[in-house]
Number of protein chains: 2
Amino acid sequence: MRKEFQILDDFIRQKALRRTPQRENVLDVFIRVEGHVSLDELSRFVKKKYPKIGYTTVYRTMRLLAETGLCNEVDFGHGVLRYEHKYNHSHHDHLVCKKCGRYIEVFDPQIEKMQDKLAAKCGFKPDSHRLQIFGVCSKCQARYNKKSK
Amino acid sequence: MRKEFQILDDFIRQKALRRTPQRENVLDVFIRVEGHVSLDELSRFVKKKYPKIGYTTVYRTMRLLAETGLCNEVDFGHGVLRYEHKYNHSHHDHLVCKKCGRYIEVFDPQIEKMQDKLAAKCGFKPDSHRLQIFGVCSKCQARYNKKSK
DNA sequence: TTTGTTATTGAAAATAATTTTCAATAGGTT
DNA sequence: AACCTATTGAAAATTATTTTCAATAACAAA
Ligand SMILES: [Mn+2]
Ligand SMILES: [Mn+2]
Ligand SMILES: [Zn+2]
Ligand SMILES: [Zn+2]
C-alpha cells in the first residue's frame with residue numbers, strides 16, 4: 001500500500017472518523033493526477049473510474065486530504081481553487097502563464113529567507129506565503145515569435 | 001481639481017466615453033478611502049454620501065478606474081476582491097494578519113530583483129506578481145501575549 | 001452475527017461574490 | 001430641440017463553493 005493511504009488511514013483513526021471506499025477512491029485518483037487540478041476537473045476524473053462518487057464527496061475528501069497534509073489548496077486568482085500534491089513535494093512558488101495557463105513551479109531559498117527577514121522587520125510572525133509571478137512562459141513566447149514572422 | 005479627476009476625464013475623453021456625476025462621485029469617495037476596500041464596503045461608503053448611486057455603478061466604475069490605473073484590484077484569497085489606490089502609490093507586497101485582518105504594505109527591492117532573475121532563469125517573461133505573507137501582526141502577537149499571562 | 005449509534009454520502013438547495021440584462025434616463029453632438 | 005447611444009440601477013443570471021437532509025453504511029458493543 002502506498003504511503004499516502006497509510007497517512008489517510010492514520011488521520012482517520014486518530015480523529016475517530018470512518019474509513020470509506022469513497023475516500024480511498026478519491027485519493028487513488030488524486031495520486032495519479034499531476035499538476036494543479038480544480039475540483040471540477042478532479043471530480044470528472046473520479047467519475048470516470050468510480051462513477052458512483054458524487055461531486056460533494058470529492059469536495060469533502062479534498063478538504064480532508066488538505067487537513068492530513070496530502071494536498072495543498074492553491075488559488076491563482078482565477079476564481080477557482082486548485083489542489084496540488086503536498087506529500088513528497090516541498091514548498092515552491094509559481095510562474096503563471098497567462099497565454100497557456102500553465103503553472104511552473106519554482107523555488108529560490110534566498111527569496112524565502114528574505115521574505116522572512118522582511119516580515120521580521122515588521123514584527124510580523126509569518127506562517128505561510130504565496131508568491132505568484134504572472135507573465136508569458138518560454139513556450140508561448142516562442143509560439144508568438146513564430147506567428148509574427 | 002485633484003489630479004485623479006483629471007486622469008479619469010482624460011481617459012473618458014480618449015475612449016469616447018461619457019462624463020457622468022456617478023463616476024466622479026465614486027472616485028470622490030474612493031479617493032478618501034484608505035487601505036484595501038471591498039466593493040461591498042465601498043458601495044456602502046458611496047451610499048452614505050450619494051444615496052442614489054447603485055452597487056452596479058460602483059462595480060463598473062471601479063473596473064473603469066482600474067483601467068485608468070487609478071486603482072488596483074487585490075485578491076487576498078478570502079473570496080472578495082479589494083481595491084487599493086494605485087495613483088501615487090508604488091508597487092508593494094502585503095503581510096496579511098489572520099487575526100485582525102490587517103494588510104500591511106511592504107517592499108523590498110532585492111526580493112523584486114530576485115523574482116525577475118528567477119523568472120528569467122525559466123525563460124519566463126513576467127509582467128506582474130503578487131507576494132502575500134500570511135501570519136500574525138505585531139499588535140496581535142502583543143494582544144495574545146497579554147491574554148495568556 | 002445482530003443491533004444500535006452516528007458518520008458519511010450525494011442530490012438538491014443555499015450561499016455569496018460577481019457579472020449580465022434591459023428598460024429608463026441622460027450625456028453630448030448635430 | 002432633436003437625435004443617438006452610453007450609462008444607470010434594479011433585478012436576474014452566473015458560478016464556485018458550501019450546507020442541508022434523508023438514506024446508507026461504518027464500526028463498536030452486545
Ligand atoms: Mn505547485
Ligand atoms: Mn496595498
Ligand atoms: Zn504559456
Ligand atoms: Zn493583526
Return the value, rounded to whole Å, for the distance between atom [atom1] of [X] and atom [atom2] of [N].
X       : N      : atom1 : atom2 : answer
B:Leu8  : D:dT7  : CG    : C1'   : 14 Å
B:Leu65 : D:dT7  : CG    : P     : 13 Å
B:Ile53 : D:dT8  : CD1   : C1'   : 10 Å
B:Lys52 : D:dT8  : NZ    : C1'   : 12 Å
B:His78 : D:dT18 : NE2   : P     : 13 Å
B:Tyr50 : D:dT8  : OH    : C1'   : 17 Å
B:Asp40 : C:dT15 : CG    : C1'   : 14 Å
A:Met62 : D:dT18 : CE    : C1'   : 17 Å

### Message
What's the closest nucleotide to the side chain of A:Leu39 if the choices are C:dG10, D:dT17, C:dG27?
### Response
D:dT17
## Note on the structure
Quick note, A:Arg18 side chain, CB onward, closest among D:dT7, C:dA7, D:dT18 is C:dA7
### 5′-ward residue of the pair A:Lys47/B:Leu17 relative to DNA chain C
A:Lys47
### Summary
Walking DNA chain C from its 5' end, the first of A:Pro21 and B:Thr56 to be reached, judged by nearest nucleotide, is A:Pro21
[N], OP1 or OP2 - any side-chain N/O from [X] closer than 4.0 Å?
X       : N      : result
B:Thr20 : D:dT8  : yes
B:Gln22 : D:dG9  : yes
A:Arg23 : C:dT8  : yes
B:Thr57 : D:dG9  : yes
A:Tyr59 : D:dT18 : yes

### Task
Starting from the 5' end of DNA chain D, give me the residue, A:Val80 or B:Arg60, whose nearest nucleotide shows up first.
B:Arg60
### Query
Between B:Gln115 and A:Ile133, is there a donor-acceptor pair closer than 3.5 Å when you use the side chain of the first and the backbone of the second?
no
### Message
Centroid separation under 6.0 Å, is that true for the rings of A:His85 and A:His36?
### Response
no
## Note on the structure
For B:Arg143 and B:Cys100 the tightest heavy-atom approach is NH2-CB, 4.4 Å
### Query
Base, sugar-phosphate, or nothing for A:Arg63, non-hydrogen atoms under 4.0 angstrom?
sugar-phosphate
### Task
Output the distance between atom NZ (B:Lys98) and atom SG (B:Cys140), rounded to the nearest 0.5 Å.
11.5 Å
### Task
Salt-bridge test for A:Arg19 and A:Asp9: reply yes if a basic N is under 4.0 Å from a carboxylate O, no otherwise.
yes
